[in-house]
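One structure is given here, and the rest of the page talks about it.
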Amino acid sequence: MADRTSKQLPSRSAALGAGSPFHPRLGDLAVDLAKGGTIGVVVALPSDSSASYQLRPPGGGADWRARSDGTTLRAVPVPVTHATPMRRDAVYDPRAQQAGLAVTVHYEDGGSCESLLVLTPAQVELFHTQLERMIKARESAQDRKR
């Protein structure tokens, strides 16, 4: 699979434009903006004998061609399954009035990456209240087991 980078992820309302070209490899999934965001498997690469990418729907069907410069193609994002907090202190930036919590983002394909969960003061207060309730519920459940 091609590397996932935020520059290559399609947006729901992506207009066809120059953007950053994506150069998929054989077998990669790609979103073709020229075909209204249709997803296809790359079955042929541009070469001396072919001036375009050739794609096919993942379940089979009629092939189509995409520009050889890759400007209409984008990587298909791998779905996120969950995020877990990292064992680092959260940080509050008074100038930006935001808190940052380091997290690990886990993907459906088994990959993961480190990221930052950015929270507004209102979100910090909300999560504080929710976490406090969860801690009390856990303590209560442990007391019942004893």
Side-chain angles (χ1 to χ4, degrees), residues 1-46 52-67 69-146:
M1 269 321 249
D3 293 335
R4 71 174 90 77
T5 64
S6 59
K7 288 184 276 184
Q8 295 177 341
L9 298 180
S11 67
R12 293 254 183 240
S13 61
L16 182 58
S20 298
F22 170 58
H23 301 286
R25 297 177 290 197
L26 201 59
D28 282 353
L29 287 176
V31 173
D32 189 352
L33 300 178
K35 291 264 302 176
T38 302
I39 295 175
V41 178
V42 177
V43 295
L45 301 173
S52 59
Y53 286 96
Q54 186 172 340
L55 294 99
R56 178 177 300 143
D63 291 5
W64 75 91
R65 299 196 176 279
R67 294 175 52 143
D69 62 7
T71 55
T72 67
L73 300 177
R74 299 292 182 269
V76 174
V78 178
V80 171
T81 59
H82 63 286
T84 54
M86 298 177 69
R87 291 184 178 251
R88 295 188 192 153
D89 282 341
V91 178
Y92 182 74
D93 181 351
R95 290 179 300 155
Q97 295 186 348
Q98 295 177 334
L101 177 66
V103 295
T104 301
V105 178
H106 302 270
Y107 296 94
E108 196 172 79
D109 67 358
S112 64
C113 71
E114 293 182 8
S115 191
L116 185 67
L117 176 61
V118 178
L119 303 166
T120 65
Q123 291 169 325
V124 170
E125 290 177 21
L126 173 66
F127 292 143
H128 174 269
T129 302
Q130 292 175 339
L131 288 168
E132 196 170 51
R133 270 190 256 150
M134 285 189 281
I135 291 168
K136 287 180 183 175
R138 181 175 179 261
E139 289 170 350
S140 178
Q142 287 176 335
D143 289 344
R144 278 183 261 157
K145 285 183 180 180
R146 293 182 196 157

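Heads up: numbering here begins at 1 and tracks the sequence.
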Set of side chain to side chain donor-acceptor pair (under 3.5 Å) partners for T84, sequence neighbours left out: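 Once residues adjacent in sequence are excluded, the partners of T84 under the side chain to side chain donor-acceptor pair (under 3.5 Å) criterion are H106.
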Compile the donor-acceptor pairs under 3.5 Å between side chains in residues 118-125 and protein atoms, sequence neighbours left out, one pair per line.
unit_1 : atom_1 : unit_2 : atom_2 : d
T120   : OG1    : Q123   : N      : 3.2
T120   : OG1    : Q123   : OE1    : 3.4
Q123   : OE1    : T120   : N      : 2.8

List, one per line, each side-chain donor-acceptor pair under 3.5 Å for residues 86-99, sequence neighbours excluded.
unit_1 : atom_1 : unit_2 : atom_2 : d
R88    : NH2    : E114   : OE1    : 3.3
D93    : OD1    : R95    : N      : 3.0
D93    : OD1    : A96    : N      : 3.4

Spacing of CZ belonging to F127 relative to CG belonging to L101, to within rounding of 0.5 Å: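 Separation between the atoms: 10.0 Å.
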L45: partners by side chain to side chain contact (heavy atoms under 4.5 Å, CB included), with sequence neighbours left out: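 With neighbours one apart ignored, the set is L26, V42, Y53.
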Test side chain to side chain contact (heavy atoms under 4.5 Å, CB included) applied to P58 - qualifying residues, sequence neighbours left out: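 Result, side chain to side chain contact (heavy atoms under 4.5 Å, CB included) vs P58: L29, I39, V41.
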What's the shortest heavy-atom distance between [X] and [Y], and which atoms?
X: T104; Y: S112; value: CG2-CB, 3.9 Å
X: A62; Y: P57; value: O-CD, 3.3 Å
X: L55; Y: A30; value: CD2-CB, 4.0 Å
X: W64; Y: D32; value: NE1-OD2, 2.8 Å
X: S52; Y: R65; value: OG-CD, 3.2 Å

Pairs flagged by salt bridge (charged side-chain N to carboxylate O under 4.0 Å, His left out) wherever residues 132-145 is involved - sequence neighbours left out: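 For residues 132-145: D143-R146.
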Residues which pass salt bridge (charged side-chain N to carboxylate O under 4.0 Å, His left out) with R67, listed by chain and number, not counting sequence neighbours: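 Here the qualifying residues are D69.
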Ring pair (Phe, Tyr, Trp, His ring centres under 6.0 Å) partners for H128, two or more places apart: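 Partners of H128 under the ring pair (Phe, Tyr, Trp, His ring centres under 6.0 Å) test: none.
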